[in-house]
Structures are given as structure tokens and as C-alpha cells.
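What follows is a short report on a single structure.
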Amino acid sequence: MTRFSQAFLPTLKDAPADAEALSHKLMVRAGLIRQVGAGLWSYLPAGWRVHRKVEAILREEMDSIGCEEMLMPVLQPAEAWEKTGRYGIDELFKLEDRKGAPMVLAMTHEECVTQHVAREVRSYRDLPLMLYHLQTKERDEPRPRAGVLRTREFTMKDAYSFDRDEEGLTRSYELQSEAYARIFDRSGLRWYRVESDVGMMGGSGAHEYMAPCPAGENEVALAPGYAANVEVASAEAQPVDLPTPLDAPERVDTPGLTTVEDVSGALGLPPGALIKAMPIVVEGRGLVLVLLRGDHRLNEIKLRNGMKTDFRQARPEEIEAELGPVGYIGPVGSNLPIIKDAAIVGDSYVCGANEPDAHLRGVDPTRDFESYEMDVRTVEAGDTAAGGGTIEIEPAIEVGNIFKLGTRYSEPLGATYLDESGTEREIVMGSYGIGPARIAAAAIEQGADERGIVWPRPLAPWQVHLVSLAKAGEEERDAADTLYEELRGAGIEVLYDDRDAGTGEKLTDAELLGCPLRIVVGRRGLAEGVVEASERAGGAEHKLPMGEAAAQAQALLQGIDG
RNA sequence: CGGGGAGUGGCGCAGUCUGGUAGCGCACUCGGCUGGGGGCCGAGCGGUCGCAGGUUCAAAUCCUGUCUCCCCGACCA
């Protein structure tokens, strides 16, 4: 299989100084990857073995639900992207060919696959249809980070479903969802499926597959029976003690106190007893006031989705002109449209008075101003989820996602079919993405210990890491050579450390690389006719009689997860 | 895009404040010893100090510009 002495497997004693994330450090140290530029990585042979392990699982599971593999190009004419309105995306790499024709480097393949289907599919008899490929994606990310977790070029398994209607889409979506569950289980990940924002993709529904770990870029709100990306999560806020209600708002002097902390401190009230007013500008509508409890944070995605339109924060001069001094803005007496967060309940709040150095107390949101109620706050740990459980918030890596696209692409690209009655209808689509590199990185993040990687067996670059402690020419080396051949003969993937290196270096590298089973052939064991096997996960040790070592190793591997 | 940090042999770093012609550890090469947790001794190889311009008798060091990389945030199918 692989002899370490011959392999391009450059392990490192120290991680690169600029690496922060655990998977980043370990993948570089273990000789799996090397950096080419910001967000650009090469997979060295060992890393590529892992990547292909993940790919194999993806192919098997896609094939098993009748999703057919194909291959589409990365370099594409810009035309289709103009039609779908995605040509304007900043992350899209744009270029020209030698004739000056506008081209793009695909960031996904909806445009391409939809065009193929639009050209070939005519009849409801051709549907449903599911297609996928494993192909490079190019995205000019504003900030690549954490090794392989967020890169500008990466391989993605992207699948697309084509159905005649929503019910068909729901069936395809469910098939993909079941395949995804098997994929992440087989990859040895701890994972969960969460509701997610449909984002720029549009469409009628979306879920993300999250692998919890500290390096994750996403935050997930979890409670028994509830899981959602914080971007879209909703929950009941923790209650706050409000002061005694008043018959009418009452002015209080708050000279120089412009922040929630300042005012709540000065008045001896919890921050949640304040209402903060955040002016935003909605295109075509002008200023709108968004109200939140003082201890809550605005969730811009929920606000955008709730309003069904984009917005930006108001500039100070716009606020001063329409309302009053920044820091003393409030809803009472304002003529602006007001969106009140749903967590503002009760009848005695403090808010800005729209004049310098003053706030109002005893403000009753239902009595003292008109507003439209909307859930626009970011949920927090400790909130109560719909099922009654308490919300916890955890970072996670997004390892996959599934989208109900609807006709987002079939409409602009003319992907239609004729139904039984001869009526032309738009094809209803779904898209389903998985990043193999993120699966590998997530497996490292979740499994590693202080000594290095601990691969789930299905992802390990080799099943057995055979270490010879002897050097070439010694008797013990012959025993190791023999075992190497026996293991290979048994069809086991084995990395054979036949280097003329120190014991510590070899054993440390074996732990760093994290193959499921390490077998040491050395003087000590051979004296009693055995080789020493140890399981990377859990550390269980076994003495294998020299003659039966290969067979017993095989049996041990079958007992290890996966 | 905003904020912060860093570019000096393959890797990790010192030297920069206070200018004087580049150093340490590891790795690598050769020889020897050693051989169950990155071992020891000896001898070596290897660097236009990111790039460009400027100041100066003299620049890794001072000045100007620029590129790249990393981290935090914004952003993100």
C-alpha cells in the first residue's frame, strides 16, 4: 500500500504559527494539506485519500436514491447567470475569454444543470429526475478562514431534483434528506439538521446539516425537539421585571446617558426594562423605527425576511433630521412606521424621549404609540423554545444543506414540461449540497485528542498504521516486512512506517495521523512472539501472535466503529 | 469593506526602538554512536531580510508606496 519512507507525507512537529482552528493545525501537521494562497489548498496524498473516502460515501448514497452522477464544467458563459440575476454576486469570479466573451467560474451549478434539463426534458413522463456531480466550486470569499473550512475553491457534491409539482419536490427532498442522514452517520459525525434561512437562493424551505464543534462559523439554537440556525431561530424571551405602570409616560432627565447600560444603571432598572429604538431605511419607504428590548439584539435576517424587503441602518444625520439626537430616540410622538419586536410585552418601559438628555418612563407600548409587531430579535441561550425546552446555543460547521428551490431557476431559464393535458408547466426544483472537505474537517474537530487526529474508521486514510521499530537489515524488520505483506494480502489499507527514524518520532506520527489501528513490530513484542496493536480511539491494546496478526487485525478493525 | 497583527534559510523565531553588512532552535547533508516515546557527538549545506523607491559613507533596521498572509467583525447557498 504505502511505505512511509517512500511517501510524500510531510508531518510537522509544530503547527504553522498562523493556524488557529484545530482541524487547520492538525491537517497541516499530519501532512494532509498545504496552503497555496488565501483560501486555496492542495491536498497531499494522505489528505486526498480522506477526501476520496468521503466522496465514495457521497456517491454510494446518491446512487442509492436514484440520483445520477454527471459532470459539468466550472468555466461557463456568463449568459445564464445574467438570466438568473446571479451575475451581480460579488463572490462570483468573472472573466473574459480571448474573444472578450464574458465568462464565470461557477460557484454552484443550478444555471448549468437547469439549462440541460430545460433543453432535454419535454414531458411529465421525463420527471421526476435527480442529478448530481462532484465538482470544483469557485467563490471569491471576502474572508477565507480556518484552513479548509472556508475556502475560495473547493469540491462540492451538488445534487438537483426536478419534479412536476410541489408534492413531487417534497418527495425528492425527503429522499435526499434520508440520504443525507446516512451520509453523515457513515462519516462518523455528530450532526443535526436545522431550519435555515433560504437566503438569496429564494425558494420555499431549507435545512442545514450542522456538525457541532468550536471552530464552527454558524450558531445553532438547540432545545429538546428544536434545532435552528440562530439566523432564523425563534423562541420565547426570558421575562424581565418591569417597574410599576404609570398613567402616562413621564419625562426623566438622563444627561449624557446614551447607552442602554448607562440609562438602566442610572435608573436602577434591568436593561430589559428599556426599549431601544433602531432607525433603519427601507428602500422606497424611508425611515422605519425598529424597537427591541434593551437586552436583546436585532436579527437582521429575520427582519429582512419579515419585511420581505432589504434595508440598511440609518445614518446619524438622517436620524437627527427626522427624530432627535442619537441616543435619545424613542417611539412616543414619532410619526415613523414602527416595528415592535414580539418580545416587548408589558406596560411600563423606559425609552428615549426624542429630545436631548431625556428619556420617558412608564411607556406602555400598546397605549402610547402605534406599531406593527414582528419577531426580529436574535434568540439567546436560556430562552424557551416552542416545545418548552430551554435554548442552548452552540457553534457548528455547516456540512451540507438542502433547498426547496421551487421555480427560482426553471422560470428564468425556461425549464418547462407538458403535463397530461398538454399544458406547459414550470419544473419544480430542489438543490442539495455537501462539502466533503468540511466533513473531513468536522470529523477532525469532533474526534481529535491532544495527540492528534482520531479518524472515524470510514474516513481514515489507512486502516492500519504499521510501525517497525527496527531499522533496515535487522531481524525485527523482516518480521515487519512480512506482516506488511500479509496485511496487504488481506486487503487492508496499510501505511507502513519503515523509516529509519527514532521510536518517539514514529509513534508520535502514528498518533498524529490518527489511523484506527496501530500495530507496532519491535524487539519487545517479538521476544514473546507477538506484535502490539492499539486502537487510536479509546487506546485499547491487543497482543497479536505474529502468525495470526493480519487476520486478527482484520477482526479488530471490524469491531471498531463503522 | 472596517479594526488588529505578521512577512528574516524548509519550519518556528531573535535582531528593527538605538543604522555598521544576519543569528538561534528544529529540519536537511556527511561520518559515528544509539535504538520502545521526537536520542547523542562531530563536521557541513542553505538567506536578494516580501517587493519597489527614497534618505545615508553605510539600511533587515529610518521614510514613502505597494503586495501577500493571518485574526476579529461585516459579508457568505
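Quick note on labels: first sequence line is chain A, next is B, and so on, each numbered from 1.
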>> For the C1' atoms, the ones on B:U18 and on B:A58, what distance do you get once it is rounded to whole angstrom?
In response: 16 Å
>> By the 4.0 Å heavy-atom rule, please label A:R518 as base, sugar-phosphate, or nothing.
In response: base
> What does B:G19 pair with, Watson-Crick or G-U, if both distances are under 3.5 Å?
Replying inline: none
> RNA chain B: A:A470 or A:R145, which has the more 5' nearest nucleotide?
Replying inline: A:A470
>> Taking the minimum atom-to-atom distance to the side chain of A:Q35, which one of B:G37, B:G36, B:C69 wins?
In response: B:C69
>> What's the closest nucleotide to the side chain of A:E505 if the choices are B:G38, B:C71, B:C70?
In response: B:G38
> With a 4.0 Å cut-off on heavy atoms, is A:T508 in touch with a base, just the backbone sugar-phosphate, or nothing at all?
Replying inline: base
Would you tabulate the pairs of protein nitrogen or oxygen atoms and nucleotide nitrogen or oxygen atoms of nucleotides 6-15 of chain B closer than 3.5 angstrom?
none

> What does A:G522 touch in the nucleic acid at a heavy-atom separation under 4.0 angstrom: a base, only the sugar-phosphate, or nothing?
Replying inline: base
>> Between B:A74 and B:G50, how far apart are the two C1' atoms, rounded to whole Å?
In response: 28 Å
>> Taking donor-acceptor contacts at under 3.5 Å, does the side chain of A:E511 reach the base of B:G37?
In response: yes
> If you look at every strand shown and take non-hydrogen atoms under 4.0 Å, does A:E231 touch a base, only sugar-phosphate, or nothing?
Replying inline: nothing
> Under 4.0 Å between a Lys/Arg side-chain N and an Asp/Glu carboxylate O for A:E20 and A:R145?
Replying inline: no
> Which value, in whole Å, describes the distance between the C1' atoms of nucleotides B:U29 and B:G46?
Replying inline: 10 Å
> In the strands shown, is B:G42 matched to any nucleotide by a Watson-Crick or G-U wobble pair with both distances under 3.5 Å, and which?
Replying inline: B:C30
> NA contact type, A:N218, heavy-atom cut-off 4.0 Å: base, sugar-phosphate, or nothing?
Replying inline: nothing
> Looking at A:R143, does any N or O in its side chain come under 4.0 Å of the phosphate oxygens OP1/OP2 on B:C72?
Replying inline: yes
> Mind checking who B:G73 pairs with, Watson-Crick or G-U wobble, both distances under 3.5 Å?
Replying inline: B:C1
> Looking for any heavy atom pair under 4.0 Å, which part of the strands does A:A501 touch: base, sugar-phosphate only, or nothing?
Replying inline: base
>> Taking pairing as Watson-Crick or G-U wobble with both contacts under 3.5 Å, can you name the mate of B:C24, or confirm there isn't one?
In response: B:G12
> A:D90 near the nucleic acid: base, sugar-phosphate alone, or nothing, with a heavy-atom cut-off under 4.0 Å?
Replying inline: nothing
> Between B:G38, B:C71, B:C69, which nucleotide has the shortest distance from any of its atoms to the side chain of A:D509?
Replying inline: B:G38
> Which one is paired to B:U61, where only Watson-Crick or G-U wobble pairs with both distances under 3.5 angstrom count?
Replying inline: none
> Hey, does A:A146 reach any base, or is it just sugar-phosphate, or nothing, if we go heavy atoms under 4.0 Å?
Replying inline: sugar-phosphate
> Applying a 3.5 Å limit to both distances, which nucleotide forms a Watson-Crick or G-U wobble pair with B:U66?
Replying inline: B:G50
>> It should be established whether A:R451 places a side-chain nitrogen or oxygen under 4.0 Å from OP1 or OP2 of nucleotide B:G37.
In response: no
>> Let me confirm one number: the CZ-CG distance from A:R451 to A:L513, rounded to the nearest 0.5 Å.
In response: 14.5 Å
> Cut-off 3.5 Å, side chains only: do A:W462 and A:T2 have a donor facing an acceptor?
Replying inline: yes
